Student: 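Just passing along the structure, written as structure tokens.
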There are 2 protein chains.
Amino acid sequence: MIEGINKHFENRIRLGIMSLLMVNQRLDFNRMKESLQVTDGNLASHLNGLEREKYIEVRKSFIGKKPNTSYRATSEGVEAFKQHLNALESIINIKNQNERN
Amino acid sequence: MIEGINKHFENRIRLGIMSLLMVNQRLDFNRMKESLQVTDGNLASHLNGLEREKYIEVRKSFIGKKPNTSYRATSEGVEAFKQHLNALESIINIKNQNERN
DNA sequence: GTATTAACTTTGAATATCAAAGTACTTTTA
DNA sequence: TAAAAGTACTTTGATATTCAAAGTTAATAC
């Protein structure tokens, strides 16, 4: 019933990060911070957690003269996240099935 | 993006409890324990948490001579959970949209 | 040379999570 | 009738998670 749930994606901010990285193949720190409405410290630590699991990768570069740190999901991360979403999807389907009665 | 997520449902065991109570309008302690594969202490504490939020209700009775404690989702709980699932659903949709490209 | 931007790290407190053990009460079994 | 088992917890304690706030480093803009 709940075996497919990946504990690294349970947290809403992590869920948000991964979702953003499904839609944008690459996204930078500040855009994420805006989208998710979190403090930079909090965001950084969740990004760290996902990097530790090799679900995301970091790239540091410059845009013009400004430093820019951007992130993308690894293929491992994409797979793991899809599995997680499938698990959630099947939970939702249980609900919808019930609704038809 | 992640505003609809209800923190009381983030945990996988809580997610499981609520899902079970969407499908079964009433379910007892031991069946839940089996379905979710958790220790009784752990289950009891999550049930407590959901009860504290008034998302579920408890009924104590006897089946034959055995004590039986069963649970059902309150309408408040059903509503809150549906909202949560909608939030998850929209995250999943983002992914699926992306998949078409 | 002060302020600002970017992207953190560190700190520390609060909360969450979980297994294991303990409890209370009853019933079943030998 | 004594021991074992079932039901449904509560308590304990250790560990993990989460978060905001403050501090840091290094560059750039004013």
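Residue numbering restarts at 1 for every chain, and letters A, B, ... go by the order of the sequence lines. Model, not experiment: these values are computed from the prediction.
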Student: Mind calculating the distance between CD (E34(B)) and C1' (dT7(D)) to the nearest angstrom?
Tutor: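 Answer to the nearest Å: 13 Å.
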Student: When the side chains of residues 61-69 of chain B are checked against the rest of the protein, which donor-acceptor pairs come out under 3.5 Å, sequence neighbours left out?
Tutor:
residue, atom, partner, partner atom, Å
N68(B), ND2, D28(B), OD2, 3.1

Student: Taking atom P of dA7(C) as reference, at what distance in whole Å does atom CG of L47(A) sit?
Tutor: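 Between P of dA7(C) and CG of L47(A): 11 Å.
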Student: So, using side chain to side chain contact (heavy atoms under 4.5 Å, CB included) as the criterion, who are the partners of E76(A) when residues are at least two apart?
Tutor: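 Once residues adjacent in sequence are excluded, the partners of E76(A) under the side chain to side chain contact (heavy atoms under 4.5 Å, CB included) criterion are K54(A), T74(A).
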Student: Among residues 58-66 of chain B, which ones have heavy-atom contacts with DNA chain D below 4.0 Å?
Tutor: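 DNA chain D contact set from residues 58-66 of chain B: K60(B), K66(B).
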Student: Suppose we screen for side chain to side chain contact (heavy atoms under 4.5 Å, CB included). Which residues come up paired with E51(A), at least two apart in sequence or across chains?
Tutor: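 Side chain to side chain contact (heavy atoms under 4.5 Å, CB included) list for E51(A), sorted by chain: N48(A), I56(A), V58(A).
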Student: N/O contacts under 3.5 Å, protein versus nucleotides 16-20 of chain C?
Tutor:
residue, atom, partner, partner atom, Å
dT17(C), OP1, N11(B), ND2, 3.4
dC18(C), OP2, H46(B), NE2, 2.9
dC18(C), O5', N42(B), ND2, 3.4
dA19(C), OP2, T39(B), OG1, 3.1
dA19(C), OP2, N42(B), ND2, 3.3

Student: Using a cut-off of strictly less than 4.0 Å between a heavy atom of the residue and any atom of DNA chain D, enumerate the qualifying residues of residues 25-32 of chain B by number.
Tutor: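 Output list: F29(B), N30(B).
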Student: Would you be so kind as to tabulate the donor-acceptor pairs closer than 3.5 Å made by side chains of residues 34-43 of chain A, with sequence neighbours excluded?
Tutor:
residue, atom, partner, partner atom, Å
S35(A), OG, R31(A), O, 3.1
T39(A), OG1, N42(A), N, 3.4
N42(A), OD1, H46(A), NE2, 3.3

Student: With sequence neighbours left out, write down each residue that passes side-chain hydrogen bond (donor to acceptor under 3.5 Å, both in side chains) with E53(A), or none if nothing qualifies.
Tutor: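 side-chain hydrogen bond (donor to acceptor under 3.5 Å, both in side chains) check on E53(A) returns H8(A).
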Student: Mind checking which stems touch DNA chain C? I mean at least 3 consecutive Watson-Crick or G-U pairs, both distances under 3.5 Å.
Tutor: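 Stem list for DNA chain C: C:1-30 with D:1-30.
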Student: Using the side-chain hydrogen bond (donor to acceptor under 3.5 Å, both in side chains) criterion, which residues pair with S70(A)? Sequence neighbours excluded.
Tutor: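 For S70(A), the residues satisfying side-chain hydrogen bond (donor to acceptor under 3.5 Å, both in side chains) (neighbours in sequence not counted) are R26(A).
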Student: Could you pull out all residues at least two apart from Q25(A) that satisfy side chain to side chain contact (heavy atoms under 4.5 Å, CB included)?
Tutor: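 Applying side chain to side chain contact (heavy atoms under 4.5 Å, CB included) to Q25(A) gives none.
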Student: List in chain and number order the residues that pass ring pair (Phe, Tyr, Trp, His ring centres under 6.0 Å) with F9(A), two or more places apart in sequence or in another chain; answer none if no residue qualifies.
Tutor: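 For F9(A) the ring pair (Phe, Tyr, Trp, His ring centres under 6.0 Å) partners, ignoring immediate neighbours, are Y55(A), F81(A), H84(A).
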